[in-house]
Every structure is written in structure tokens, then in C-alpha cells.
There are 2 protein chains.
Amino acid sequence: MTEEKTEYSISDLAKEFGITSRSIRHYEDEKLITPTRRGVHRIYNNRDRVRLQLILRGKRLGFSLAEIKEIIDLYGMEGEEKQTKRLLELITVRRESLNQQLKDIKYLLKEFDVLEAKLNAEK
Amino acid sequence: MTEEKTEYSISDLAKEFGITSRSIRHYEDEKLITPTRRGVHRIYNNRDRVRLQLILRGKRLGFSLAEIKEIIDLYGMEGEEKQTKRLLELITVRRESLNQQLKDIKYLLKEFDVLEAKLNAEK
DNA sequence: TGCGAAGTTTACGTTTGCGTAAAGGTAAGG
DNA sequence: CCTTACCTTTACGCAAACGTAAACTTCGCA
């Protein structure tokens with residue numbers, strides 16, 4: 001059986017994802033993640049860990065913390081508020097943005113191929 | 001014959017790309033673009049226009065202006081300095097970053113599909 | 001029980017990417 | 001010439017995303 005860790009300290013996660021504890025606390029200030037407390041110390045569970053992954057993914061794509069919060073809030077809102085229509089709209093908007101990024105990436109990767117070929121041809 | 005415009009004012013480009021003139025001047029301050037001058041006024045040619053497109057593409061992907069400058073400088077350096085090896089390294093690094101972003105995008109798009117399906121199933 | 005490592009809050013500092021006046025110069029039409 | 005639209009430089013302002021320092025507290029263990 002592979003033992004799955006279920007509890008993490010702030011520095012556990014910081015080390016794992018190569019960021020600082022300060023950043024994680026900052027995400028908490030901005031309400032993107034809300035670990036439980038044991039006394040005064042922060043305790044992160046697997047759900048928190050996944051959230052952090054989502055945050056970092058969003059960051060790599062250039063989204064602001066506010067945008068990432070919006071995306072994260074999409075999950076966890078499922079059904080409750082009957083804002084389904086609004087959620088679907090948000091998803092559409094986000095999807096368009098991601099598709100644009102896809103185009104941009106493909107364009108740049110192609111350009112890199114061309115440039116690399118040129119450089120290699122240069123003997 | 002389709003007439004290709006070959007000269008643009010700063011507000012021409014600003015309008016075309018939906019940004020402010022201030023931004024374009026800022027990119028110039030940061031050495032990402034260097035239009036010629038007619039007297040005191042900036043004149044942009046097609047090459048400058050393409051550069052601006054590259055800048056905006058980079059921005060949509062979350063690159064900093066400094067990183068975009070690095071990427072842009074890849075072009076235009078071809079061959080001259082015999083830094084070919086260094087250039088190929090840079091391309092590799094950038095390519096890895098773009099591939100990571102590709103993964104991130106695909107992950108999120110898939111998540112959106114799942115979420116959308118759930119919302120629609122909710123009757 | 002007394003370290004040392006790690007955690008906590010508070011708060012000011014820094015960088016990036018422009019926004020936004022202020023104060024004027026320039027080009028073209030009437 | 002004069003107005004109007006657009007351009008210029010200079011410079012301070014500001015929000016976002018942390019960095020960093022200060023000044024404790026808490027936990028594990030020797």
C-alpha cells in the first residue's frame with residue numbers, strides 16, 4: 001500500500017512546490033486557500049494541496065490571483081446557489097482565454113522551430 | 001492589388017491592438033521596440049508592427065516584459081555573434097516553459113469540460 | 001527545562017507595468 | 001494665422017505579488 005500523506009505544514013508545501021511560505025500565506029490573505037489550524041499553526045490537507053496546485057497552474061498561465069480565485073471559486077460552488085448560468089458563462093470566457101493562449105503557444109513553438117533550423121543550418 | 005500599409009502612427013497601432021499609446025511608449029522605454037522618428041514623432045513600419053504583436057502574444061502568456069525582450073532579441077541576433085549555442089539553449093528553455101503551459105491549459109480545459117457537464121446534468 | 005528549528009503576526013519595502021496629469025510642440029485644414 | 005487633433009517628454013501615482021525584517025510563540029527532544 002502506498003501511504004498517502006494527509007497532512008502538511010506550510011514549509012512542507014513550500015518545499016514541495018518550490019515556493020516560499022510567504023507566498024502561501026499571501027494566497028491565504030487573498031482568500032485563495034484556507035487551511036485549518038491546530039492552535040496557531042496552519043495545517044494543510046490534500047484538498048488544500050490540490051488548491052495550491054491550481055493556484056500555481058494559474059500563475060504559470062499568467063492569471064492574476066484575483067482571476068485564479070474566480071476560477072477556484074467555480075469549483076465548490078456547484079449547484080448550491082443556482083448560479084449555474086453564470087458559472088457556464090464564466091467557463092466560456094475562461095475557455096476562450098485558454099484557447100487564445102493555445103494559439104499563442106503554437107505560434108511561438110513554430111517560430112522556435114524555424115529559428116532553431118536556421119541556427120543549425122548555419123553550420 | 002491589396003494595398004499594404006507600411007507606415008503607422010502610435011495611435012494607429014494602439015487602436016488596432018486595443019491598447020494605449022502609453023503602453024507602446026512604455027515598451028519602447030524598456031527597449032522592446034524602437035520605431036524611427038520623423039522629427040519628433042514616432043513612425044512604425046511593418047517590422048515594428050510584428051514586434052508589437054510578439055509583445056502582446058508574450059503578455060497573454062504571462063511573460064514579463066524582460067522575458068519578452070529576451071525572446072524578441074533571439075530574432076535579429078541570428079548568426080552575427082556566433083552565440084548560436086547560447087541561442088539554442090535559450091530556445092530550449094523557452095520551449096520547455098511553453099510545453100508546461102500547454103499541459104496546464106489542457107488540464108484546465110479538461111476540468112472545465114467536466115465542470116460544465118456536471119452543471120448541465122444538474123438539469 | 002532549555003535549545004533550536006519552524007511557525008506566527010505586523011508592517012514597511014520593492015519591482016513591474018502601466019495610469020494619469022501637466023505642460024507644451026506639430027501638422028493640416030479652413 | 002488659428003484651431004483642432006494628435007503628438008511629445010517628464011514625472012509622480014498606484015495596484016499586484018510578494019520580499020524582508022522584527023519580534024515573538026510553539027513544538028520536539030536531549
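The model shown is predicted, which means the values in this text are computed figures rather than measured ones. Chain A is the first sequence line, chain B the second, and so forth, proteins listed ahead of strands; every chain is numbered from 1.
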Base, sugar-phosphate alone, or nothing: which one does B:Arg38 contact when heavy atoms must sit under 4.0 Å apart? nothing
Quickly work out the A:Ile55 CD1 to D:dA17 P distance and round it to whole Å. 11 Å
Distance in angstrom units between B:His26 NE2 and D:dC14 C1', rounded: 14 Å
Rounded off to whole Å, could you give me the CG-to-C1' distance for the B:Asp29 and D:dT9 pair? 10 Å
Side-chain N or O of A:Tyr27 closer than 4.0 Å to phosphate OP1/OP2 of D:dC18: yes
Distance-only side-chain donor-acceptor flag, B:Asn120 / B:Glu116, under 3.5 Å: no
With A:Ile24, which of A:Asp48, A:Leu32, A:Leu52 fulfils side-chain contact (heavy atoms from CB on, under 4.5 Å)? A:Leu52
A:Arg42 has an atom CZ; how far is it from atom C1' of D:dT25, in whole Å? 13 Å
For DNA chain C, whose closest nucleotide is more 5', that of B:Lys59 or that of B:Val40? B:Lys59
Using whole Å, report how far CZ of B:Arg60 lies from P of C:dG17. 16 Å
Is A:Ser23 close enough to D:dG19 that one of its side-chain N or O atoms is under 4.0 Å from OP1 or OP2 there? yes
Shared hydrophobic cluster for A:Tyr107 and A:Phe112 (ILVMFWY, side-chain gaps under 4.5 Å): yes
For B:Lys69, is there an ion pair with B:Asp73 - N to carboxylate O distance below 4.0 angstrom? yes
With heavy atoms under 4.0 Å as the rule, sort B:Ser9 into base, sugar-phosphate or nothing. sugar-phosphate
Ignoring the backbone of A:Ile10, work out which of C:dG7, D:dT9, C:dG17 is nearest its side chain. C:dG7
Checking D:dC18, C:dG7, D:dC6 against the side chain of B:Ser11 (C-beta onward), the nearest is D:dC6
In this structure, how many angstroms lie between the P atom of D:dC18 and the CD1 atom of A:Ile68, rounded? 9 Å
Quick one: on DNA chain D, does A:His41 or A:Thr20 contact a more 5' nucleotide (nearest heavy atom)? A:Thr20
Rounded to the Å, how far apart are A:Arg25 CZ and C:dA11 P? 16 Å
Could you tell me how far apart A:Glu7 (CD) and C:dG7 (P) are, to the nearest whole angstrom? 14 Å
Quick one: on DNA chain D, does B:Arg22 or A:Gly39 contact a more 5' nucleotide (nearest heavy atom)? B:Arg22
Salt-bridged, A:Arg38 to A:Glu7, with N to O below 4.0 Å? yes
